[in-house]
Amino acid sequence: MKRSFVKMQGCGNDYIYFDCLEEELPQPEKWSRKLSDRHFGIGGDGIVLICPSETADAKMRMFNADGSEGKMCGNAIRCVGKYLYESGAVPKKDMWIETLSGIKRLILTTSGSQVLSVTVDMGSPILGASEIPTLFNLDTVLDHPLKVNGQEYRVTCVSMGNPHCVVFLNEVESLPIVTIGPQFENHSMFPERINTEFIHVIRRNELRMRVWERGSGETWACGTGACAAVVAAVLNGYCDEGADVTVHLNGGDLIIRDVGETVWMTGAAVKVFEGTVEL
Ligand SMILES: N[C@H](CCC[C@H](N)C(=O)O)C(=O)O
């Protein structure tokens, strides 16, 4: 069966999007693995399904490149808002998207009929060690030692609807992320695996971040991860609550504001190409 798709990216975190408002996509786990392959498929960090919702303007389901389903995706939800507005499916600049981590509010910035950037209310961070989930026998995991492959790191764990482990380092450019990333992702303390953000604090309102994502490996950006990183930075005294923090990712910048009860994320959403694929 021939199926149309749209390739979109947020700060280089690129997914293959399927409009499922009229027609479901069967076996999304299988197709995410096949189509994400950058040599034998379309190429991407995974696939995203844009589905109907009874409680919001639309519903987003996202699947990592390994086929596992993520409960929330910050870069993808911005692209979903862009697609829905520009296609006319949801002609609103203030819209609501249902996810497995609850309904999120999007505010679109447009130029004519084009969406330039999207601001998302990412919701309240979850800090309870068992809720993230982790197996630490603690209430919260703040600047806590964790041995990974024989080396001790200090970690802060935050959920933005999906699990994150934030590690502050003196520099991240030379980090052997392909080696250390999987060792964090599959560590025994994280029963549902983990997304890991490696952070260099440039100044109080500026972070540099690299990320090893659960199910996709090193991605060029992670929206939920950038939010988790700023929450962790505020908790550890590196950033100020309520301030706009610029997070520099491999693929671009996100502006994150942790206001305590919620976290706001602003960033671009870019269409790369459209196509059809035989499923
Ligand atoms: N790998 C993540 C999902 C994608 C999150 C990321 N791409 C974002 O922009 O938030 C997980 O399994 O929880």
Side-chain angles (χ1 to χ4, degrees), residues 7-17 28-29 32-33 36 43-50 60-83 97 99-102 104 106 117-126 131-134 157-166 177 181-182 184-187 190-199 207 209-232 247-256 258 263-270:
K7 187 80 191 303
M8 293 187 278
Q9 56 88 5
C11 299
N13 188 203
D14 59 331
Y15 293 98
I16 304 151
Y17 292 77
E29 299 83 357
S32 192
R33 284 191 293 273
S36 299
D45 291 327
I47 70 171
V48 176
L49 311 186
I50 302 170
M60 174 182 82
R61 292 185 70 191
M62 72 79 53
F63 296 83
N64 296 302
D66 71 353
S68 61
E69 184 166 9
K71 292 182 176 171
M72 178 49 194
C73 183
N75 288 313
I77 205 169
R78 298 199 310 275
C79 292
V80 167
K82 175 186 180 71
Y83 175 84
I97 304 296
T99 75
L100 291 180
S101 294
K104 309 296 180 186
L106 280 61
S117 70
V118 183
T119 295
V120 186
D121 180 349
M122 297 288 281
S124 301
I126 297 164
E131 296 172 83
I132 288 174
T134 76
C157 295
V158 179
S159 169
M160 292 303 301
N162 59 350
H164 296 272
C165 176
V166 182
I177 199 167
F184 273 89
E185 176 183 2
N186 300 293
H187 197 285
F190 305 120
E192 294 180 6
R193 297 188 290 166
I194 199 90
N195 301 287
T196 307
E197 288 77 27
F198 302 95
I199 306 297
L207 305 178
M209 169 174 144
R210 291 181 70 186
V211 57
W212 183 269
E213 280 199 34
R214 172 179 64 174
S216 291
E218 180 171 24
T219 61
W220 255 217
C222 179
T224 51
C227 293
V230 171
V231 169
V247 181
H248 300 296
L249 301 131
N250 292 7
D253 294 350
L254 290 174
I255 308 297
I256 308 295
D258 172 3
V263 183
W264 292 92
M265 170 191 67
T266 298
V270 178

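Remember, it's 1-based here, ligands and their atoms both numbered in the order they're listed. Side-chain atoms are counted along with the backbone in the values below, which use heavy atoms only and exclude waters and symmetry mates.
- Leu49 places a side-chain heavy atom less than 4.5 Å from the side chain of Phe63.
- In this structure, Asn13 and Glu213 have side chains that are in contact, with non-hydrogen atoms separated by less than 4.5 Å.
- With sequence neighbours excluded, the residues satisfying ring pair (Phe, Tyr, Trp, His ring centres under 6.0 Å) with Phe184 are Tyr153, Phe198.
- At a threshold of 4.5 Å between non-hydrogen side-chain atoms, the residues Thr134 and Phe190 count as touching.
- Contact annotation: the side chain of His187 never approaches that of Ile194 to less than 4.5 Å [non-hydrogen atoms, C-beta and beyond].
- Side-chain contact between Asp66 and Arg193 is present, with heavy atoms from C-beta onward closer than 4.5 Å.
- Ligand 1 is surrounded by Asn13, Tyr15, Met62, Asn64, Met72, Cys73, Gly74, Asn75, Asn162, Asn195, Glu213, Arg214, Cys222, Gly223, Thr224, each with at least one heavy atom closer than 4.0 Å.
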